[in-house]
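Numbering of ligands and ligand atoms starts at 1, following listing order. Counting from 1, the numbers follow the sequence of the chain as shown. Computed from a predicted structure; not experimentally measured.
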Amino acid sequence: MIIAIDGPAGSGKSSTAKAVAARLGAVYLDTGAMYRAVTLKALRKGIAYTDDDALAAVMRETEIGFDGAPPDTRIIMDGEDVSAAVRSDEVTKNVSDYCARDAVRKALVDQQRKIAAGHTVVCEGRDICTVVFPNAEVKVYMTASVEERAKRRQKDFAAMGIDKSLEELINDIGARDHKDSTRANSPLTKAEGAVEMNTTGMTLNDQIDFIVDLTTKNR
Ligand code: DC
């Protein structure tokens, strides 16, 4: 069974999907972390996002996997735990450019389908309901206002001891939303049959209950 969740940055997907997976005893598949891992590797190797040949080579030689049960799932790239490194500012600022390339998307979509095969999976990203698992039993499109999402990001940064202005975060999120939803390849959009869930003002528990209820109804 596949529970597929799409939505823009900061809509609450990750924390909700992790908790839903933990509650259902399901595999948690964070596809954004996979795009981030590829971006990290390309940046480390000094590969420009426009260099499709070099990116195709990176996709052939890179192993990306997950370790541990949700909510403590770690992302492992070539044997290294990169869970913290993929959240750096540099990766966050560049990931929208790298993830739009055909070679990167094709390889990761194949891998996501392989990871999910035969399991109950909670999978979150931007193209999960539209492209990766269009036949998922549960499809959710999570949204929240830009201001609310920026406030959540500000809290996350504060927890890491980093002070960020709301204005900067609103600009960053707006820029990423624009790139993710206007790219030619698998843009972020609400899929046919997806249930829209506006999380503005909802608590994390409300969000978890909403998706668990949907899953129970669709079993
Ligand atoms: O969810 P996130 O912020 O960790 O995602 C990082 C980037 O990866 C985001 O800017 C868009 C991209 N992404 C994507 O294109 N397709 C997915 N299925 C998941 C993420």
Side-chain angles (χ1 to χ4, degrees), residues 2-18 20-21 28-43 49 55 58-59 64 66 70-71 73-75 77 82-116 121-134 136 139-144 146 148-150 152-154 156-157 160 164 169-191 194 199 207:
I2 306 276
I3 297 130
I5 307 172
D6 286 325
S11 54
K13 293 187 309 289
S14 296
S15 32
T16 310
K18 257 185 229 174
V20 169
Y28 166 58
L29 183 49
D30 176 0
T31 62
M34 298 172 85
Y35 288 98
R36 287 171 176 272
V38 171
T39 303
L40 174 68
K41 180 138 177 187
L43 291 172
Y49 74 88
L55 282 178
V58 164
M59 300 316 295
I64 297 173
F66 294 91
T73 310
R74 319 289 303 166
I75 178 153
M77 180 176 72
V82 290
S83 310
V86 298
R87 302 280 149 206
S88 72
D89 246 4
E90 208 201 348
V91 170
T92 302
K93 285 208 159 77
N94 286 283
V95 62
S96 287
D97 289 325
Y98 287 90
C99 77
R101 311 308 288 189
D102 281 359
V104 173
R105 298 206 74 81
K106 191 179 173 323
L108 289 187
V109 168
D110 284 349
Q111 216 175 320
Q112 288 154 16
R113 291 181 180 144
K114 276 190 194 134
I115 293 173
V121 178
V122 181
C123 183
E124 53 122 333
R126 304 293 192 288
D127 61 343
I128 309 307
C129 305
T130 51
V131 174
V132 186
F133 300 118
K139 292 195 257 186
V140 178
Y141 186 76
M142 283 179 80
T143 59
V146 177
E148 168 100 5
R149 293 188 282 132
R152 290 177 188 166
R153 278 280 189 261
Q154 194 178 38
D156 293 342
F157 276 114
M160 295 187 278
K164 289 256 186 192
L169 291 169
I170 288 175
N171 284 336
D172 286 355
I173 288 180
R176 208 137 68 89
D177 279 359
H178 181 73
K179 278 189 189 170
D180 291 342
S181 43
T182 57
R183 69 181 178 220
N185 194 340
S186 313
L188 169 67
T189 177
K190 179 173 168 256
T199 64
Q207 294 166 30

| query | Can you tell me if D6 uses its side chain to pair, donor with acceptor, with the backbone of C129 under 3.5 Å? | reply | yes
| said: Any side-chain to backbone donor/acceptor pair from K18 onto Y28? Under 3.5 Å, distance only. | reply: no
| said: So R176 and D180, do their side chains get closer than 4.5 Å, heavy atoms only? | reply: yes
Atom pairs and distances, side-chain donor-acceptor, residues 32-42, under 3.5 Å, sequence neighbours left out:
unit_1 : atom_1 : unit_2 : atom_2 : d
Y35    : OH     : R105   : NH2    : 3.3
R36    : NH1    : V86    : O      : 3.0
R36    : NH1    : T92    : OG1    : 3.0
T39    : OG1    : Y35    : O      : 2.8
K41    : NZ     : T62    : OG1    : 3.1
K41    : NZ     : D78    : OD2    : 2.6

| query | For S14 and E124, which heavy atoms make the closest approach, and how far apart are they? | reply | OG-OE2, 2.8 Å
| note | Within the heavy-atom cut-off of under 4.0 Å, ligand 1 is lined by K13, T31, G32, Y35, R36, R87, V95, S96, C99, R105, G125, R126, D127, I128, R176, D180, R183
| said: With no hydrogens and no angle check, just 3.5 Å: does a side-chain donor-acceptor pair link T199 and R152? | reply: yes
